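Below is one structure; the comments refer to it alone.
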Amino acid sequence: MASSGSYTPAYPTDRAVDERVKDFVSSFYATSDDPSKNEEWVDYFLPDAVVTIGEKSARGTEQIRQFRQGMWEQVKTRRHKPEKVFPASFGGAGADGDAVEYMLHGSVDIVTKTGEQQALTWAGRAILKEVDGRLKYELYQVYIHK
């Protein structure tokens with residue numbers, strides 16, 4: 001189970017998980033919950049990345065930037081609680097050889113600008129690629145349950 005009050009989810013105990021992936025996931029959700037960090041959030045994605053959250057989607061840096069700004073139009077505060085991450089590597093050598101794919105789930109508490117409180121559960125799929133020594137999302141896809 002994720003540690004209380006942090007952005008650190010649980011990972012499998014039967015296999016080694018790259019510490020860079022763990023750090024990436026934790027820092028991504030901390031950045032996600034800070035409305036002053038729009039550009040930092042956008043920088044987690046490759047220039048041609050695809051982001052889908054619920055019914056909305058964006059591709060490429062400029063659309064992702066607009067997508068991020070729109071995420072805060074009705075939201076006053078947001079607090080993600082990633083619970084578990086299930087990482088895997090596919091492809092070996094080749095086009096996807098440097099990719100890490102993972103599924104994850106958690107919850108998010110939201111307070112809207114009108115004061116409404118929402119507690120949502122979500123599950124997601126992500127593909128990370130290493131570029132110039134840094135991990136970045138190639139794909140980030142989230143399914144939300146209200």
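Values in this document were obtained by computation on a predicted structure and should not be read as measured data.
The distance from the CZ atom of R125 to the OG1 atom of T52 is 10.0 Å, given to the nearest 0.5 Å. Note: L139 CG to E101 CD = 7.5 Å, rounded to the nearest 0.5 Å. Note that the CD atom of E73 and the OG1 atom of T112 stand 13.5 Å from one another [nearest 0.5 Å]. Atom CD1 of I144 is separated from atom CD1 of I53 by 6.5 Å, given to the nearest 0.5 angstrom. K81 NZ to T121 OG1: the interatomic distance, rounded to the nearest 0.5 Å, is 12.0 Å. With rounding to the nearest 0.5 angstrom, the CH2 atom of W122 is 8.5 Å from the CD atom of E83.
Taken together through direct or relayed side-chain contacts under 4.5 Å among Ile, Leu, Val, Met, Phe, Trp and Tyr, L128 and V50 form parts of separate hydrophobic clusters. V17 and L104 end up in the same hydrophobic cluster when Ile, Leu, Val, Met, Phe, Trp and Tyr side chains are linked at under 4.5 Å. Both Y102 and F28 belong to a single network of hydrophobic side chains, linked directly or stepwise wherever heavy atoms of I, L, V, M, F, W or Y lie under 4.5 Å apart. V21 and F45 fall within the same hydrophobic cluster, defined by Ile, Leu, Val, Met, Phe, Trp and Tyr side-chain heavy atoms under 4.5 Å apart, directly or through other members. In terms of hydrophobic clustering, with Ile, Leu, Val, Met, Phe, Trp and Tyr side chains grouped at heavy-atom distances under 4.5 Å, I110 and M71 are assigned to a common cluster.
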Would V42 and E62 count as a side-chain contact (heavy atoms from CB on, under 4.5 Å) here? Give the steps. CA-CA 9 Å; V42 171; E62 191 51 42; over 6 Å; no
Pair Q69, N38 - check side-chain contact (heavy atoms from CB on, under 4.5 Å), show working. CA-CA 7 Å; Q69 291 167 350; N38 285 350; 3.7 Å; yes
Kindly indicate, with the supporting measurements, whether the criterion salt bridge (charged side-chain N to carboxylate O under 4.0 Å, His left out) is fulfilled by D48 and K129. CA-CA 12 Å; D48 60 346; K129 291 267 183 134; over 6 Å; no
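Note: H80 and Y29 have tilted aromatic rings, judged against thresholds of 30 and 60 degrees for the angle between ring planes. The aromatic rings of Y137 and Y140 are tilted relative to each other, their planes meeting at an angle between 30° and 60°.
V75 places none of its side-chain heavy atoms less than 4.5 Å from the side chain of V111. Looking only at side-chain heavy atoms (C-beta outward), V108 and R78 come within less than 4.5 Å of each other. Looking at K22 and T8, their side chains never come closer than 4.5 Å, going by heavy atoms from C-beta outward. You'll find the side chain of W41 stays beyond 4.5 Å of the side chain of D34, heavy atoms only.
Here the closest heavy-atom approach between residue V25 and residue P9 is recorded as CG1-CG, 4.1 Å. For the residue pair P87 and R15, the shortest heavy atom distance occurs at O-NH1, 3.5 Å. What you find for V85 and P12 is that their closest heavy atoms are O-CD, 3.3 Å. The heavy-atom pair separating R68 from P35 by the smallest distance is NH2-CA, 4.1 Å. In terms of heavy-atom proximity, W72 sits nearest to S32 at CZ2-O, 3.3 Å. F24 and L135 make their closest contact through CE1-O, 3.1 Å (heavy atoms, listed as atom of the first residue, atom of the second, distance).
Look at R20 and D18 and you find a salt bridge, because one of the NZ, NE, NH1 or NH2 atoms lies within 4.0 Å of a carboxylate O, short of that distance. A salt bridge does not link E130 to K136: none of the charged nitrogens lies less than 4.0 Å from a carboxylate oxygen.
When only modelled atom types and interatomic distance are considered, S27 and Y44 share a side-chain donor-acceptor pair under 3.5 Å.
Remark: S26 pairs with no residue by the side-chain hydrogen bond (donor to acceptor under 3.5 Å, both in side chains) rule, at least two apart or across chains.
Enclosure of atom CG in D14 by more than 12 non-hydrogen atoms of other residues, nucleotides or ligands within 6.0 angstrom is indicated. The neighbour count for K56 NZ, taken as heavy atoms of other residues, nucleotides or ligands under 6.0 Å away, does not exceed 12.
With a 6.0 Å cutoff to the six-membered ring centre and a 45° limit on the axis angle, R79 counts as a cation-pi contact of Y7. Judged by a 6.0 Å distance limit and a 45° cone about the ring axis, K84 is not positioned over the six-membered ring of Y11.
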